[in-house]
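Here is the structure we will look at.
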Amino acid sequence: MKNLRTALLCACILLYSLVVSAQPPVIPINEPDQHKPKLFSTLPENITIDPESLVDILKSDRGSQVTLQLGEALLFKGQVVSVARQDNSLTSIVIRSTNFPGARFTFSRIVNEDKIVYAGRIMSMEHGDVFELQQKEGIYMLVKKNFYDLINE
């Protein structure tokens, strides 16, 4: 009788485990939206800039209006929304664009013991293209990239 009860209990557990699943049937994954509109479609793929010409904007105060000539092809106008200064080693600024809707320009100056490095990007969460500041062979340039090459959702 004990063996029959044990066998019946094992059969019930086995049948129950076949019906019950540990995870929901559909795993929610955010797929990239490859059909986002392009904000910078009229601009070239690479824009050479001189980051030293942008150092003056790092002295701007929050709320001030700025106009930046980023290379020959890109005029960027906007309002300073964030400024961060840490000693003399790091200075960073975020500018909300008025001529590129939804775009933000982040620019940072990092001072190490032996060199100065610049980092930045222009991006909008609603659009499918981004400009990223890169240094190639000592020359800084804004390089156009796909939004999902930088951001994973």
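Worth saying up front: this structure is predicted, and the values here are computed from it rather than measured.
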For a quick test of reading the model, state the closest non-hydrogen atom pair linking [X] to [Y] and the distance between them.
X   : Y    : result
P37 : D129 : O-OD1, 4.5 Å
V83 : V80  : CG2-CG1, 3.5 Å
S60 : V66  : OG-CG1, 3.8 Å
L70 : I47  : O-CG2, 3.4 Å
D50 : S53  : O-OG, 2.6 Å
L39 : S124 : CD2-CB, 4.2 Å

task: Would you check, one step at a time, whether the test side-chain contact (heavy atoms from CB on, under 4.5 Å) holds for L142 with L43?
output: CA-CA 11 Å; L142 289 168; L43 297 172; over 6 Å; no

Nearest 0.5 Å please: distance from the [atom1] atom of [X] over to the [atom2] atom of [Y].
X    : Y    : atom1 : atom2 : value
R109 : I116 : CZ    : CD1   : 4.0 Å
K38  : N146 : NZ    : CG    : 5.0 Å
T48  : K136 : OG1   : NZ    : 10.0 Å
K36  : E126 : NZ    : CD    : 7.5 Å
L90  : N112 : CG    : CG    : 10.0 Å
S92  : L58  : OG    : CG    : 8.0 Å

message: Under 4.5 Å side-chain heavy-atom separation, chaining through any Ile, Leu, Val, Met, Phe, Trp or Tyr, what else clusters with V94? Say none if it is isolated.
response: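 For the cluster that includes V94, the remaining residues are V81.
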
- request: Answer whether the closest heavy-atom distance between the side chains of I49 and L74 falls below 4.5 Å.
  value: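 No. Closest side-chain heavy atoms not under 4.5 Å.
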
query: Is the closest side-chain heavy-atom distance between F105 and S97 below 4.5 Å?
result: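 In short, these two side chains do not touch, never coming nearer than 4.5 Å.
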
message: Could you work out, with ring pair (Phe, Tyr, Trp, His ring centres under 6.0 Å) as the rule, every residue matching F40, not counting sequence neighbours?
response: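 So F40 forms a ring pair (Phe, Tyr, Trp, His ring centres under 6.0 Å) with F100, F131.
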
field: Pairing residues for Y118 by the ring pair (Phe, Tyr, Trp, His ring centres under 6.0 Å) criterion, not counting sequence neighbours
entry: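 Ring pair (Phe, Tyr, Trp, His ring centres under 6.0 Å) list for Y118, sorted by chain: F107, Y140.
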
query: Cluster question for you: counting only ILVMFWY and a side-chain heavy-atom cut-off of under 4.5 Å, with indirect links fine, are L133 and I139 together?
result: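 No.
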
- request: Using the rule that two of Ile, Leu, Val, Met, Phe, Trp, Tyr join whenever any of their side-chain heavy atoms come within less than 4.5 Å, decide whether I57 and V111 are in one cluster.
  value: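 Yes.
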
query: Taking K145 as the fixed residue, which of E45, E132, M123 is the one that meets the side chain to side chain contact (heavy atoms under 4.5 Å, CB included) rule?
result: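 Only match with K145 under side chain to side chain contact (heavy atoms under 4.5 Å, CB included): E132.
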
query: Does any N or O in the side chain of Q86 come within less than 3.5 Å of the main-chain N or O of N88, such that one atom is a donor and the other an acceptor?
result: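 Pair absent, no side-chain N/O of Q86 close to backbone of N88.
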
field: Flag, side chain of R104 to backbone of M125, donor-acceptor distance under 3.5 Å
entry: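 Absent.
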
message: Heavy-atom count check: over 12 atoms from other residues, nucleotides or ligands less than 6.0 Å from K77 NZ?
response: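 Not more than 12 within 6.0 Å, no.
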
- request: Please say whether more than 12 non-hydrogen atoms of neighbouring residues, nucleotides or ligands are located less than 6.0 Å from CZ in R62.
  value: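 12 or below, so no.
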
